[in-house]
**Student:** 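If you scroll down you'll find the structure; I have some questions about it.
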Number of protein chains: 2
Amino acid sequence: MTMNSSGGRRKPPTIHDVAREAGVSRGTVSRVLNGGHYVSPAAHEAVNAAIRKTGYVVNRHARSLITGRSDSVGFLLTEPQERFFEDPNFNVLLRGCTQALAAHDIPLLLMLAGTEGERRRITRYITAGHVDGVLLVSSHSGDPIAEQLRAADVPLVACGKPIGLGSRVSYVAADDRDGAREMVRHLLSLGRRRVGVVTGPLDTPGGVERLAGYREVLAEAGMEADERLVVSGDYSRVSGELGAERLLAQAPDMDAVFVASDLMAQGVLTALERAGRRVPQDVAVGGFDDSPAALATRPELTTIRQPWDRISSEMVRVLLAQIGGEEAAAVILPTELVKREST
Amino acid sequence: MTMNSSGGRRKPPTIHDVAREAGVSRGTVSRVLNGGHYVSPAAHEAVNAAIRKTGYVVNRHARSLITGRSDSVGFLLTEPQERFFEDPNFNVLLRGCTQALAAHDIPLLLMLAGTEGERRRITRYITAGHVDGVLLVSSHSGDPIAEQLRAADVPLVACGKPIGLGSRVSYVAADDRDGAREMVRHLLSLGRRRVGVVTGPLDTPGGVERLAGYREVLAEAGMEADERLVVSGDYSRVSGELGAERLLAQAPDMDAVFVASDLMAQGVLTALERAGRRVPQDVAVGGFDDSPAALATRPELTTIRQPWDRISSEMVRVLLAQIGGEEAAAVILPTELVKREST
DNA sequence: ACACCGTGTGTGCACGCTCCCAATCATCCG
DNA sequence: CGGATGATTGGGAGCGTGCACACACGGTGT
């Protein structure tokens, strides 16, 4: 590991230097670098020794220039800023993706497409081939950028099922519907009979599917649908607060609420406390996500855990496969009920 | 904007295609791309038209190969994972940096150096020149990676004053000490006389400086130091909870606490509630950060706002200046007291 | 008339790498 | 033993760009 330790920045060693040091040709070094096929053990050894000695690191720009690949992927966020801040899931997802990519030595480029101008700039950047593929986080439907990328044949994996795009886009999602079903079944199993719901935005898959799961279970239990028990939020804390107030006004006899996100559930708890309802005695509250917020509430929140670690690793796996030429694919992962104090 | 709209991926246009289309040489196109000096208005116009017509986008790999720059920067996180999740400041910082860089058309590469192996891999990646500079988020002292990068002459800007590295490293920080002073003065102005503190880790600048500010103000007010009023946390919620319990045990007459982060303040509120102390009537609580957590608590938290948007834009500004050849610099930005319900 | 300047333009070269093809050599088959 | 096969190696070509240089041109000063 004799590095170039004298101060200052001098030119880094090239494949040429390694070849000279090892007494072989550039071609042989390149072959060692790319899998080592058709290289004699002796040459292989010599090249590796030379790499260690010179401290050589491949110049990715030169490589990309010839291969046409960039060996990097973009992590694209088209959400409005606020969600990015408030939603702890993004953190977990971002970290998971970064790590999964790091295992393949692929850097992650973070891209935020908030405004229209940024959207255009980023589309241009991506379609110019500066990244090999895109991990897309954009739950809202009709996202124009996804459509453009798909049209440009850019390998793409969405987090959550994209509504709106009829065409084949890969995605990885938790089983929202089944998670909702499990939570509502749990609430019913506690003897609750007037179960309300605060949904997510109904132009997001999470919003639609979790509501569907709620309705299914109630129907299966033979309970008739009561629209006074259904309100919509936007996943934000305050919208949970407002939603709970509306529910209490419309259906004062409510004895449980299924809230489609932990953050909204925080708001629901606030509103219930203000209204003098005890949780879980008077009203049981179930969240969704198992975000850190679920532990920050009092009482701690019963919730549905989404397997974010697996979601991120699957997103990366599917994306890399697609970059490698495979077809688009959909992956749906199971959720898990986490019982705490609020039910 | 006649793009290559037929499906499938074909070779993107090169500078050569643009030159042919515009009826000029590659050199002229290159000059237009890089500032447009020494180019006649007619040629300038023709080139721009040709760029629009062909949908040309510069190939950054080819450019990087010749210039030696990568036109990208790394955002390096050496914190252990947990902090990354829990601390909402990272989000704001990350977003701010990404946007500030986007204004210069510079992509941000997210790098997580949690384990020793990752640390080595990333150091290698960076020192190989794959990024032009690094935005470093690592409050703990004695971070070996910072030392290595500095030794390799990699442009570097830290978030928060790095302790430990004696050498000149650029950094941008909020005025921790002054913010702490302001909060403690505020608590004293409310008539509180037994003011406790839950510090951050004392190997971080935030931990040290905020404690120093606390001590200074108490000394200036002529109050004698009482070590029973001082405990340390690690910025996590639970450490705030434990810290408050210790304070209550050591100094039951405490009538105010300055907590060095909002997250820990959340824990402090939990512990105070459990102990039957009313906030702010019995004990006033002041946080630090003005993170979203400050609004999630009941009562809402009085806190010190750190100017994260300015911190991130300054970090980018200083880094780009340094990449451009300027000297290392330190920037300290003022904080602001945000009064809410907890004091 | 000459040299000189600054502006504007075209062209060869190099950046570091992968790919491809030809050359070499040992081995094997008929 | 001739030729075919396969493993291994070397080296040329070229990826798309910026840079250095040479050159053309019109105007200015001598």
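Everything quoted here is computed from the prediction, not taken from an experiment. Below, each value reflects all heavy atoms present in this structure, side chains not excepted, and no hydrogens, waters or symmetry copies. Here is the naming used below: chain letters follow the sequence lines, and residue numbers restart at 1 for every chain.
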**Student:** Rounded to whole Å, please give me the gap between NE2 in A:His61 and C1' in D:dT17.
**Tutor:** 13 Å
**Student:** Taking 4.0 angstrom as the limit, do A:Arg119 and A:Glu116 come out as a salt bridge?
**Tutor:**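 Yes.
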**Student:** Grab the NE2-C1' distance between A:His16 and C:dC17 for me, whole Å please.
**Tutor:**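 After rounding, the gap between these two atoms is 12 Å.
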**Student:** For A:Arg69 and C:dC17, what is the distance between atoms CZ and P respectively, to the nearest whole Å?
**Tutor:**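 Those two atoms, CZ and P, are 15 Å apart.
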**Student:** Taking the inter-plane angle between the rings of A:His61 and B:His61 on a 0 to 90° scale, is it parallel (under 30°), tilted (30 to 60°) or perpendicular (over 60°)?
**Tutor:** tilted
**Student:** We want to know whether A:Asp17 and A:Thr54 form a side-chain donor-acceptor pair, criterion being a heavy-atom distance below 3.5 angstrom.
**Tutor:**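 Short answer, no.
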**Student:** Could you tell me the separation between the CG atom of A:Asn59 and the P atom of C:dT18, rounded to a whole number of Å?
**Tutor:** 9 Å
**Student:** A:Arg60 has an atom CZ; how far is it from atom C1' of D:dC15, in whole Å?
**Tutor:**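 Taking atom C1' of D:dC15 as the reference, CZ of A:Arg60 is at 18 Å.
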**Student:** Using only atom types and a distance under 3.5 Å, with no angle test, would you say the side chain of B:Ser312 pairs donor to acceptor with the backbone of B:Leu93?
**Tutor:** no
**Student:** Look at B:Asn34 and D:dG18 and indicate whether a side-chain polar atom (N or O) is within less than 4.0 Å of OP1 or OP2.
**Tutor:**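 For D:dG18, OP1/OP2 do have a side-chain N/O of B:Asn34 under 4.0 Å.
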**Student:** Before accepting this row, confirm whether a basic side-chain N of the pair A:Arg124/B:Asp105 lies closer than 4.0 Å to the acidic partner's carboxylate O.
**Tutor:**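 No, A:Arg124 and B:Asp105 are not salt-bridged.
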**Student:** Could you tell me how far apart B:Ile15 (CD1) and C:dC15 (P) are, to the nearest whole angstrom?
**Tutor:**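 Atom CD1 in B:Ile15 sits about 19 Å away from atom P in C:dC15.
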**Student:** Whole-Å distance between C:dC15 C1' and A:Lys11 NZ?
**Tutor:** 8 Å
**Student:** Can you check whether B:Ala330's main-chain N or O pairs, donor with acceptor, with B:Ser170's side chain at less than 3.5 Å?
**Tutor:** no
**Student:** Tell me which nucleotide among D:dG18, D:dG16, C:dC17 gets nearest to the side chain of B:Leu65.
**Tutor:** D:dG16
**Student:** Can you give one letter per nucleotide of nucleotides 7-13 of chain D, 5' to 3': B if a protein heavy atom sits under 4.0 Å from the base, S if only from the sugar-phosphate, - if neither?
**Tutor:** SBBBBBB
**Student:** For D:dG18 and B:Ser30 - does any side-chain N or O of the residue sit under 4.0 Å from the phosphate oxygens OP1/OP2?
**Tutor:**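 Yes.
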